[in-house]
Amino acid sequence: LLFASIGGGVLYFIAKQKAKRELLIRTGKKLRAAISNVYYNTSITVNNRHPLIIECVAEVSGKKKTFKSHNIWNQNQFSPGQEIAVYLDTRDSTNFWVDTFKL
């Protein structure tokens with residue numbers, strides 16, 4: 001029962017994150033952002049590997065705003081200065097998705 005509840009919690013989190021991503025891609029405002037920093041999230045380690053985090057900067061309402069991506073486990077080539085899409089919820093600016101899949 002303990003292992004089933006842990007596995008169920010992980011599956012629930014993944015499904016919730018996927019639903020958020022799809023909703024923002026469908027209804028959010030698409031921004032073009034420039035990657036400002038790429039670094040490893042050293043607080044998480046799986047098989048001696050760390051996920052990547054991408055920081056990017058976009059202009060929102062005349063002001064520059066920094067966005068951070070989710071943990072990225074695949075080792076795509078990301079470099080500072082490269083453009084990336086950010087989907088922003090028009091009602092809540094803290095709700096966003098950095099789209100690392102479509103590069």
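Everything numeric here is computed off the predicted structure, so don't read it as measured data. Positions are given from 1 along the sequence.
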May I ask you to decide if L24's main-chain N or O and T27's side chain share a donor-acceptor pair within less than 3.5 Å?
no
L1 atom CG: more than 12 heavy-atom contacts under 6.0 Å
no
Less than 4.5 Å apart, side chain to side chain, heavy atoms only: is that true for L23 and I25?
no
Between D89 and R91 (side chain of the first, backbone of the second, donor and acceptor by atom type, cut-off under 3.5 Å), is there such a pair?
yes
So I53 and V38, do their side chains get closer than 4.5 Å, heavy atoms only?
no
Indicate the atoms forming the closest heavy-atom contact of P51 with I44, along with that distance.
CD-O, 3.6 Å
Where do H50 and T45 come nearest, in terms of heavy atoms and distance?
CE1-OG1, 2.9 Å
On a heavy-atom basis, the closest approach of L31 and L88 is CD1-CD2, 4.0 Å
Could you label the plane-to-plane angle of the F96 and F67 rings as parallel, tilted or perpendicular, counting under 30° as parallel and over 60° as perpendicular?
perpendicular
Donor-acceptor pair, R32 side chain versus V86 backbone, under 3.5 Å?
no
Starting at NZ of K18, measure out to CZ of F13 and round the result to the nearest 0.5 Å.
14.5 Å
Counting heavy atoms not belonging to Y12, are there more than 12 under 6.0 Å from its OH?
no
Just so I know, are the side chains of L52 and N71 near enough to count as touching, which here means a heavy-atom distance under 4.5 Å?
no
Less than 4.5 Å apart, side chain to side chain, heavy atoms only: is that true for Y87 and R21?
no
dist E83:CD -> C56:SG (nearest 0.5 Å) comes out at 10.5 Å
Tell me whether V98 is reachable from V60 by hopping between hydrophobic residues (I, L, V, M, F, W, Y) whose side-chain heavy atoms are closer than 4.5 Å.
yes
Do any N or O atoms from the side chain of S36 and from the backbone of E55 form a donor-acceptor pair under 3.5 angstrom?
yes
Just do the side chain to side chain contact (heavy atoms under 4.5 Å, CB included) check on D99 and I84 with the steps written out, would you?
CA-CA 7 Å; D99 195 6; I84 194 166; 5.6 Å; no
Can you name the nearest heavy-atom pair linking S93 to K65, along with the distance?
O-NZ, 3.5 Å
Residue pair W97, H70: steps toward the side chain to side chain contact (heavy atoms under 4.5 Å, CB included) verdict:
CA-CA 8 Å; W97 182 262; H70 59 287; 3.7 Å; yes
Counting only N and O atoms by type, is there a donor-acceptor contact under 3.5 Å from the side chain of Q17 to the main-chain atoms of I14?
no
